[in-house]
Amino acid sequence: MPIITLPDGNNLKFQNNVTGIEVAEKISKSLAKQALVIAVDGELKDLNFIINKDCTVKIFTSKNEEGLETIRHDTAHILAMAVQELFQETQVTIGPVIENGFYYDFARKEPFTEDDLKKIEEKMKEIVDRDVITKREVWSRDKAIKHFKKKGEVYKAQLIESIPDREEVSIYFHGEWHDLCRGPHLSSTGKIGKFFKLTKVAGAYWRGDSDNEMLQRIYGTSWASQKDLDDYLKRIEEAEKRDHRKLGKEMDLFHFREESPGSVFWHEKGWALFQKLIDYMRMKQDIAGYKEINTPEVLDRTLWEKSGHWEKFGANMYTSTTPDEKVFAIKPMNCPGCIEVFNQGLKSYKDLPLKMSEFGKVHRYEPSGALHGLLRVRAFTQDDAHIFCTEDQITKECLIVTNLILEIYKDLGFEDVILKYSDRPNLRVGDDNVWDKAETALLEAVKATKLEYSINKGEGAFYGPKIEFVLRDAIGRDWQCGTLQVDFNLPSRLSASYVDKDGSKKVPVMLHRALFGSLERFIGILIENYAGKFPFWISPLQIVVIPITEEFDDYAIQVSKKIKKAGMSSHVDLKKHNLNNKIKEHSLAKIPLLLICGKKEVDSNSVTIRKLDSNKQENMDLDLFLKTFSALNKASSN
RNA sequence: GCCCUUGUAGCUCAGCUGGUAGAGCAAUUGAUUUGUAAUCAAUAGGUCCGCGGUUCGAAUCCGUGCGGGGGCACCA
């Protein structure tokens with residue numbers, strides 16, 4: 001006689017055992033119709049799960065995250081079912097739900113083609129139409145392993161072998177077709193609906209390990225309604241329009257070429273943007289008490305051996321052998337060079353914390369498959385800095401860095417920031433007790449920020465634990481930018497020291513930090529965040545002056561000169577095209593302000609302003625224009 | 001690095017089953033002197049990514065290298 005407590009606190013009493021669907025029916029007919037899955041005492045179960053004791057029950061429909069995830073999970077299953085109906089020799093492996101959809105990994109010799117995806121999709125819809133009832137059975141491990149081995153499903157057999165003893169091995173049936181699965185599932189294939197789409201095929205390693213064989217992964221998306229599916233596809237399309245590689249080309253910011261994969265050829269406008277960010281950061285860091293330095297790009301191998309880079313980071317390093325057979329490395333990080341600067345002259349505890357910044361260009365030989373526009377390159381400029389301090393100063397300094405970073409992200413249009421904390425990796429230098437200290441100090445700082453954070457086990461740098469600053473852009477995507485690392489190892493390896501109060505020599509702690517992270521990556525993110533339409537102050541070319549006819553060229557040239565004198569960037573378009581043509585061209589180039597100059601303007605010493613994405617025109621006295629817009633030409637006017 | 005996919009004019013792309021390349025925009029020249037998203041016309045532009053092979057003949061088919069894209073693995 002189970003008593004069932006509902007989310008609203010009401011109780012339902014039943015004479016006998018009941019299933020989830022019967023509970024839903026008791027509440028309302030329409031709920032029973034819409035119900036997809038239930039939670040019994042917080043655990044998700046099938047609708048026909050038999051309830052035989054007192055418990056709390058929650059019923060989910062496609063309007064809940066739980067319901068939607070179950071739809072996606074079921075769509076993944078139907079995908080596997082469809083694939084095996086069409087391509088009998090294919091083995092199934094795993095098929096989880098991911099953000100916005102699902103994937104399923106298959107083992108098959110022949111690659112799946114785009115055409116195959118269409119066929120599979122059709123087959124999936126057919127299976128939905130068949131409305132096959134779902135059945136769940138619990139098998140013994142041995143039976144399940146034997147069964148799947150006999151079927152030739154070696155991956156499934158492996159999966160069952162790795163299920164912990166205490167867990168049930170449940171098998172879900174859709175008619176004849178069946179699969180090992182934890183569940184829950186919808187009660188029949190018809191419940192899924194047809195609001196799904198297979199999106200792409202890709203390779204993926206079995207169990208995510210690059211030593212294992214590669215499987216074929218089919219990605220798909222699945223929703224509660226046609227509208228949701230269409231909205232999602234639309235969102236993807238919109239995101240593609242923001243692609244920084246596309247916009248970079250269209251806006252003439254940069255390009256890449258074969259001779260140097262993963263290295264940027266910056267064009268005039270892209271470089272202007274780059275320099276603006278550096279100028280801005282330089283200003284912020286100066287205020288925050290950093291001293292800017294610069295260190296060599298190429299350093300002798302012995303330094304990298306001492307620092308540990310040669311051994312732990314060597315696979316990513318470019319090296320160079322000189323004609324006299326000496327081996328140098330092109331720096332993949334700025335830290336050893338910075339320590340060398342610290343080591344010049346005697347340092348006192350009174351000098352600490354000592355903050356040294358460097359816009360250092362580093363080279364890392366990244367795997368070819370990792371390269372991705374500006375977001376993943378082989379040569380990049382870090383807005384790097386190293387803070388030498390005492391152990392006592394760590395937490396406070398970390399907090400100061402965090403505040404600076406949040407301030408800067410805000411200026412650049414990012415308000416939503418989360419932290420990722422990573423502790424000691426397998427490949428590392430230094431004793432565990434040193435790591436204990438570093439991790440504790442950094443974690444303390446993370447907590448003190450009161451920001452949301454996640455913990456990434458084993459993903460720290462080889463010399464210390466780190467936090468990464470992840471920001472969310474205008475369309476909800478997360479990007480990893482800044483980083484802050486606590487390092488008890490490199491300073492001692494490279495013999496850094498300071499004289500303490502009592503006259504003894506001590507080894508300082510070093511904090512590594514980069515706020516943009518990589519200027520290249522950050523610019524890529526900025527482009528996508530703003531869809532190329534930068535705020536006025538950061539825009540690489542802020543103003544284009546357009547004379548209506550040749551007659552007004554001289555005036556336009558004078559206007560442009562005055563704009564430059566007022567500290568803004570400007571270009572005069574003297575081409576013999578008509579006004580409409582020029583407006584079209586510069587609007588596509590996303591120039592924030594177009595100034596039109598004709599007779600009216602010359603006569604009144606004014607300009608007519610046309611702002612990007614607005615066809616309103618505003619006439620303004622030239623001096624007033626210069627005053628107004630130079631005031632807007634700084635970060636705080638965002 | 002691995003799997004799949006892709007590489008044609010400055011850009012975006014067309015070129016069916018093999019018969020030595022085409023459009024739009026951009027560029028150049030000429031005409032037009034224009035008031036808010038493409039004025040008209042003419043001209044010029046290409047070792048069809050590189051190398052090898054099959055073939056009487058390769059942009060097209062095959063192999064291989066390099067680059068790009070989507071993922072995986074790796075990562076700022």
Side-chain angles (χ1 to χ4, degrees), chain A residues 103 105 108 110-114 116 199-219 240 243 245-246 249-250 252 255-262 313 315-316 332-333 362 364-384 422 459 461 466 468-470 479-483 485 512 514-522 524-525 546-553 575-589 594-601 608-619:
Chain A
Y103 66 75
D105 286 348
R108 176 179 179 237
E110 294 289 303
F112 290 112
T113 64
E114 291 293 317
D116 290 339
T199 50
K200 56 199 170 197
V201 217
Y205 296 108
W206 167 235
R207 296 195 151 167
D209 186 336
S210 58
D211 289 335
N212 289 343
E213 58 275 38
M214 185 150 280
L215 308 171
Q216 293 187 68
R217 174 171 299 178
I218 296 178
Y219 282 92
E240 275 166 11
D243 191 308
R245 293 165 299 188
K246 183 171 164 312
K249 204 186 264 177
E250 283 173 14
D252 194 19
H255 83 278
F256 289 91
R257 54 195 309 113
E258 272 190 42
E259 293 92 326
S260 188
F313 205 75
N316 288 302
M333 297 187 194
V362 296
R364 297 181 186 173
Y365 192 73
E366 301 290 349
S368 58
L371 302 181
H372 183 95
L374 294 176
L375 302 181
R376 193 74 187 274
V377 290
R378 284 180 175 157
F380 57 101
T381 308
Q382 294 181 310
D383 59 327
D384 212 350
S422 305
E459 290 188 14
K466 65 177 176 186
E468 275 155 345
F469 297 82
V470 177
W479 304 95
Q480 189 177 304
C481 295
T483 175
Q485 301 158 5
H512 306 239
L515 308 189
F516 292 143
S518 132
L519 267 296
E520 284 77 359
R521 172 180 286 182
F522 199 82
I525 294 166
I546 305 174
I548 286 180
T549 70
E550 283 170 353
E551 200 186 328
F552 311 109
D553 281 4
K575 272 190 291 195
K576 288 177 70 179
H577 288 147
N578 66 25
L579 183 59
N580 279 333
N581 182 300
K582 290 182 182 182
I583 286 178
K584 170 104 182 179
E585 184 188 332
H586 300 300
S587 299
L588 287 176
L594 301 183
L595 297 189
I596 317 298
C597 300
K599 183 161 190 317
K600 195 169 78 185
E601 289 75 14
T608 295
I609 305 164
R610 184 194 164 107
K611 289 186 181 164
L612 184 59
D613 283 341
S614 157
N615 49 16
K616 276 191 218 138
Q617 298 151 45
E618 186 189 355
N619 187 265

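These numbers come from a predicted model, not from an experiment. Here is how names work: the chains are called A, B, and so on, in the same order as the sequence lines, proteins then strands, and each is numbered from 1.
Backbone-only engagement by A:Lys466 is indicated by non-hydrogen atom pairs under 4.0 Å involving sugar-phosphate atoms exclusively. Among the protein residues, A:Glu114 comes within range of no part of the nucleic acid, since none of its heavy atoms lies under 4.0 Å from any strand. Contact annotation for A:Ser518: base contact, defined as any heavy-atom pair under 4.0 Å involving a base atom. Within the nucleic acid shown, A:Ala202 comes within 4.0 Å of at least one base atom, counting heavy atoms only. Using a 4.0 Å heavy-atom distance criterion, A:Pro111 is classed as a sugar-phosphate-only contact. Counting non-hydrogen atoms under 4.0 angstrom, A:Tyr219 reaches the backbone sugars and phosphates but no base. Looking at heavy-atom distances under 4.0 Å, A:Thr483 makes no contact with the nucleic acid at all. A:Lys582 comes within contact range of no nucleotide atom at all, as no heavy-atom separation falls under 4.0 Å. Using a 4.0 Å heavy-atom criterion, one finds that A:Arg364 contacts the bases of the nucleic acid, with or without backbone contacts as well. Within the 4.0 angstrom heavy-atom criterion, only backbone atoms of the sugar-phosphate kind lie near A:Gly208; the bases stay farther away. Contact annotation for A:Thr113: no contact, since no heavy-atom pair falls under 4.0 Å across all strands. Residue-level contact check: A:Arg217 touches the backbone only, with heavy atoms under 4.0 Å from sugar-phosphate atoms and none from bases. No engagement by A:Val362 is indicated, since no non-hydrogen atom pair under 4.0 Å with the nucleic acid exists. Counting any heavy atom pair closer than 4.0 Å across all strands shown, A:His586 reaches no nucleic acid atom.
Of the nucleotides present, B:C11 is the one that pairs with B:G24 by Watson-Crick or G-U wobble criteria, both distances under 3.5 Å. When both distances must be under 3.5 Å, the Watson-Crick or G-U wobble mate of B:G63 is B:C51. Using N1 to N3 plus N6-O4 or O6-N4 for Watson-Crick, or N1-O2 and O6-N3 for G-U wobble, each under 3.5 Å, B:G46 pairs with nothing. The partner of B:C56 is B:G19, by the rule that a Watson-Crick or G-U pair needs both atom distances under 3.5 Å. B:C74 makes up no base pair with any nucleotide shown, lacking Watson-Crick or G-U wobble contacts both under 3.5 Å. B:A41: Watson-Crick or G-U partner is B:U29, with both key distances under 3.5 Å.
We find the CZ-CD1 distance between A:Phe516 and A:Ile525 to be 11.0 Å, quoted to the nearest 0.5 Å.
Straight-line distance between the P atoms of B:A42 and B:U5: roughly 44 Å, to the nearest whole Å. Taking atom P on both nucleotides, B:A41 is separated from B:A26 by 12 Å, rounded to a whole Å. Between B:A58 and B:C2, the two P atoms lie 32 Å apart (nearest whole Å). As rounded to the nearest Å, B:U47 and B:U33 have P atoms that lie 39 Å from one another. Distance check on atom C1': B:G50 versus B:G67 gives 11 Å, rounded to whole Å. With both ends at atom P, the span from B:C48 to B:A21 equals 10 Å, rounded to whole Å. If you take atom C1' in B:G15 and the same atom in B:A9, they sit 14 Å apart, rounded to whole Å. Going from the C1' atom of B:C25 to that of B:C40 covers 16 Å, rounded to whole Å.
Taking syn as a glycosidic angle within 90° of 0, B:G63 does not qualify and is anti.
Of all heavy-atom pairs between A:Pro111 and A:Arg108, the closest is O-NH1, 3.5 Å. Summarising the geometry of A:Ser587 relative to A:Leu594, their closest heavy-atom pair is OG-CD1, 4.3 Å, with the distance given to 0.1 Å. Among all heavy-atom pairs drawn from A:Lys582 and A:Lys575, the shortest one is NZ-O, 2.7 Å.
The residue among A:Tyr365 and A:Asn581 whose nearest nucleotide of RNA chain B lies closer to the 5′ end is A:Tyr365. Comparing A:Asn580 and A:Leu375 against RNA chain B, the residue whose closest nucleotide sits nearer the 5' end is A:Asn580.
Under the rule for a salt bridge (charged side-chain N to carboxylate O under 4.0 Å, His left out), A:Glu459 has no partner lying at least two apart in sequence or in another chain.
Using modelled atom types, one finds a donor on one side chain and an acceptor on the other under 3.5 Å when comparing A:Thr483 with A:Gln485. Under 3.5 Å, the side chains of A:Thr608 and A:Glu618 contain no donor-acceptor pair of N or O atoms.
First and last contacting nucleotides of RNA chain B toward chain A (any atom under 4.0 angstrom from a heavy atom, 5' to 3' order): B:G1 to B:A76.
Screening residues 204-216 of chain A for salt bridge (Lys or Arg N to Asp or Glu O under 4.0 Å), with sequence neighbours left out, gives no hits.
Within 6.0 Å of NZ in A:Lys599 there are 12 or fewer heavy atoms belonging to other residues, nucleotides or ligands.
Figure legend: cation-pi geometry between A:Arg521 and A:Phe380 absent, as NZ or CZ is not positioned both under 6.0 Å from the six-membered ring centre and within 45° of its axis.
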